[in-house]
Structures are given as structure tokens and as C-alpha cells.
Amino acid sequence: MDQSQRNATITYKPLLRSSAYIDGKWVDSTNGKSIDVTDPFTGGRISSIPLLEAAQVQAAVDAAARAFPAWARTPARERGKILRKLLDLIILHRDDFARLITLENGKPLKEAYGEVDYGAGFVEVYAEEGARSLGEIIPAPVPGRKLFAEKEPVGVSVAITPWNFPLAMLTRKFAPALAAGCTMIAKPASQTPLAALALAQLAEEAGVPPGVFSVVTGSAGMIGDIFTSSPIVRKLSFTGSTEIGIKLMAACAPTVKRLSMELGGNAPMLIFDDADLGTAVDAAMIAKFRNCGQSCIAANRIYVQKGIYDTFVNTFQQRVAAMKVGDGLEMDTDIGPLIDEAAVAKVTEHLDEAVAGGGKLLAGGRGEGRMQPPTLVSHVAQDALLTREETFGPLAGLIAFDSYDDAIRLANNTPFGLASYVCSTSYETINRASRDIESGMVGVNTGLISTPYAPFGGVKLSGIGKEGSKHGLDEYLNLKYVCQSGI
Ligand code: NAP
């Protein structure tokens, strides 16, 4: 398929946009400038997005402020009905959404379908959860008083999202924000803005009023500066690198905004001697290779206890070697292209360093351009680069450990704390490790932990706040305490 045929796989044309969406209108840049959005598999052009001027971004903020009072007063069940309608539209256009995600991100179509379902799940959860933001009546400490606490929307909120899950990383902010009664302006990653714009299209069709949800595109620095310095913006939710997250937190300090920060990870996977081999291999495959390894909760460091090490290596090696690398639009592809050349350089650096440090290359190796094969290196040194930095690619390094204490020490030897994984059949090991590992999430005998129904988020340099579940809604609500006297 040439690029125009690939682009033509999006059958509902309004989903493939080349304008930003501000205050209910599709707008191009007032300076006429745009950025191309390219297909990582072919390098061809899918669409372009406007390089907006500062005044246009400010207009989106102002529109969100104008729309806020009426949206905040709209009964939660009415807001929920609009989100429910949006959910129906996402499901109706599930095929197009999946292809759009594969086109702009490169991920295999079967995983893009998974992302659409996962992303839609947040809309479903918050369509229901918004009406359950219950307050509290507090027994008064003195007679004649009534004390209560009620939840109210934080106000104008902004979302900055990454390229690795272009739809789901946005819906897990957008849906709780709108359900809570907040208005939101989103700035998607410049490499993958199309899913966010498609979401805006369907939000409009579902009846989300003008200004309640806008999508701005262009210079990240300029948009970030407007968002963080604005006294109108009361909440910033960011998913991306720890480096940028820290800068944004500092920039938000003078206006004391509410913050949610979903930042980088360096997830350890601990496979103990008593693990079920098939379960452990399945868990490692999905935790390492989903989204071509470009996931914040990817198992970055796989520690295997010495008694099971050789058996695990053999089985894992066969599974890794059997994966199909290729065009994400083909349903049987397991590994698509990496997002860009910088991603390739990082994976290659980690691979070369692991091998130079004594690691044995058992599958894969260096690929061509963005097409990097799933790669397995065993006998990796405990202090290898791939144990210290997020690889964000399809490179699995196996590191041996001796005892439970060793495993926990290695797992916690990182400033990050997003996800971690444990494979064991011992109830005691599972419980101890779930307690002792410093991370926001623990997967036991599974490599697939994400769901809209559970609180997702990290500790340490991996961030603050939760997304998903009822806790994700609270990120967009302030608790107001009222003390009534003389009653
Ligand atoms: P990134 O470089 O931090 O970019 C993320 C977003 O921030 C993009 O929209 C980017 O815009 C924007 N951005 C960049 N510089 C900015 C600035 N100065 N001001 C405001 N916005 C700015 O991260 P990435 O490389 O896209 O994503 C990978 C990282 O995200 C990894 O570390 C991964 O672990 C993390 N992640 C975390 C989670 C989680 O839930 N904890 C989930 C997914 C990913 P442009 O695209 O226009 O540059």
C-alpha cells in the first residue's frame, strides 16, 4: 500500500483532521504554518497540524474559562449522558480509530484495537462515576453546627500527553475532567496528534459544548508556557518524561495549580525459582514487548533467580525469535517501527553496552532504521545501562539474582517507581514482594495490569496522582468544607 492508500483506510473522513479544535471551531494557524504528521512505518505524510500562534492558544484558555460555569452547573448525570454518547461513537468508529493510531504511532493493529478499548473504557467509567462524587456530613463537635464537605470541579484544566498511547493517555484525563465538571484544553504529542483531534470530532458530535474541550497543536514550549503561567488554568495533568514533568511542576508553582504527573518508569520484573515457567514467560513477553517496548510500564529490567535462569532463557528465547516484525496495519504483526531515530539510537546504545559488558545476544540484534527486531540479551551485568535508564524499545536484558533480598535490593535501586512485576507461586513471596517493592503498581504473575477500573500512577520520580477508577475523578475535584453555625 502506498501512503495515500494507507491514509484511505480511515473510512469516516471527519476523523482525519488537519486543524486544531478551539471553542467548538476547527482552526488553522493564523500564520499559515503547519507541521507534518508522518507514518513511522513509511515515513510518508498522513496529515498536518497547525503550528498555532500564542494568541490562539490563549483563546482556547479563555474559551475554557467562559464555558466552565455552565458546564460545572450542568447536572453530573447530564454530563454523564454526553460521555455515554461519546463512548457509543468511539465504539462505532473503533476500526477507524485503531487504524489511525497505527498510522500515526506505528503500533501493531491488534494492539491499537486494545488501546481503543482501553481508552474508551475511561469514557465509560467516568460517564458513570461523575454522578458518584459524594460529599460527607461530619458530626459536629459542638451543638448548633452543621459541618459538611462537598466536591466541586477544580476549574479550567489542561492535559499534555505523549505519543506512545495517543488516545488512551488523553481519555484518562479528558473523561474524568469533563465528568467532574471541569473544562479541558489538550495538547497532544506533535508526532501523534490525530487521535486527539478525532476524539474532539466525536466529542462535538456527542454534544460536548463549545469551549468545554479544545485541542491545541504546535510548539510544546510555547503552549506549555501559556498553560503553566495562566492564573485561569487551575489544573495541569501531564503524561510524559520525568525531565519535562519536573520543568512543568516548577513552572506551575507560582500559580499553585493542582498537578497530576504520570512520568517515566524503570519497571523491574522479578522471576523467582518457584515461578510457573509458562506464566512467567507470558508475563515477560507482554510486559516487555507490548507497544514495541515503548510503554512507561514496560518491564525494563528482568531479574531471574539462578535456579530457573537457564530454563527461562531457553523458553523466552524461542518466543522472542518467533515474533513477527513489520507493518502495523497487518493484523499478524507483533512488532512495528519505533517512533523515531532518537528512539532507535537509545535502544542501540543500550544493546551495545549490555553486550560489551559481557551480555550474550540470543535473539534479534541491530535492525534497519526504525524497524528494530525483538532482541534478547542474557547474562547482563547488574549495573548495565539498560537497568538504569528506560530503554523504551524491544530489547530484553536478563539479569541473574541469588536471593529474595538481592531481588528486592535490585528492584528498588532506582529513583523511579511506576510499575513492577513479580512471578512466583509462593504466597509468602508474592505478599512480601508486593509490600517491599517501592512502586505505585505491582503485577503478580501477569504483565498486563492496566485497566480503567484501577488506580494507575507512580511514586518517587514516576509521578504524583492517580488515573482511572474513582481516584482519577478526585484529581479534578476540590473538597470544600462548609461549617454552618446557629442552626
Ligand atoms: P516528553 O518528551 O516528555 O513529551 C510528552 C509531551 O510533553 C508531548 O506532548 C510533548 O510535546 C510535550 N512537551 C515536550 N516539551 C515540553 C515543554 N517544554 N513544555 C510543555 N510540553 C512539552 O515524553 P515522550 O518522549 O513523548 O514520552 C515518553 C515518556 O513518557 C517516557 O518517559 C514514558 O515513561 C512516559 N510515559 C509515562 C506514562 C505514565 O502513565 N506514567 C505513560 C506514558 C508515557 P511535543 O510532542 O510537541 O514535543
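This one's a predicted model, so the numbers in the text were calculated from it and none came from an experiment. For ligands, and for the atoms within them, numbers begin at 1 and follow the listed sequence. The basis for the numbers below is simple: all heavy atoms, side chains too, and nothing from hydrogens, waters or symmetry mates.
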Enquirer: With sequence neighbours left out, which residue pairs that include part of residues 461-473 fulfil the salt bridge (charged side-chain N to carboxylate O under 4.0 Å, His left out) condition?
Expert: Arg172-Glu467, Lys173-Glu467
Enquirer: Sequence neighbours excluded, which residues qualify as side-chain contact (heavy atoms from CB on, under 4.5 Å) partners of Ser378?
Expert: Tyr309, Val313, Lys360, Leu362
Enquirer: Describe, in one word, how the ring planes of Phe122 and Tyr118 are oriented to each other, choosing from parallel (under 30°), tilted (30 to 60°) and perpendicular (over 60°).
Expert: perpendicular
Enquirer: Name the orientation class of the two ring planes belonging to Phe289 and Phe316 (parallel below 30°, tilted from 30 to 60°, perpendicular beyond 60°).
Expert: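 If you compare the ring of Phe289 with that of Phe316, the planes turn out tilted.
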Enquirer: Can you list, by chain and residue number, every protein residue with a non-hydrogen atom closer than 4.0 Å to ligand 1?
Expert: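 Correct list: Ile160, Thr161, Pro162, Trp163, Asn164, Met169, Arg172, Lys187, Pro188, Ala189, Ser190, Ala220, Gly224, Phe238, Thr239, Gly240, Ser241, Ile244, Leu248, Glu262, Leu263, Gly264, Gly265, Cys296, Glu390, Phe392, Leu418, Phe456.
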Enquirer: Which pairs of donor and acceptor atoms, one on a side chain in residues 46-53, lie under 3.5 Å apart (sequence neighbours left out)?
Expert:
from, atom 1, to, atom 2, distance (Å)
Ser47, OG, Arg17, O, 2.9
Ser48, OG, Arg45, NH2, 3.4
Glu53, OE2, Asn31, ND2, 3.1

Enquirer: Which one of Lys235, Arg258, Arg234 satisfies the side chain to side chain donor-acceptor pair (under 3.5 Å) criterion with Asn478?
Expert: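 When side chain to side chain donor-acceptor pair (under 3.5 Å) is applied between Asn478 and each of Lys235, Arg258, Arg234, only Arg258 qualifies.
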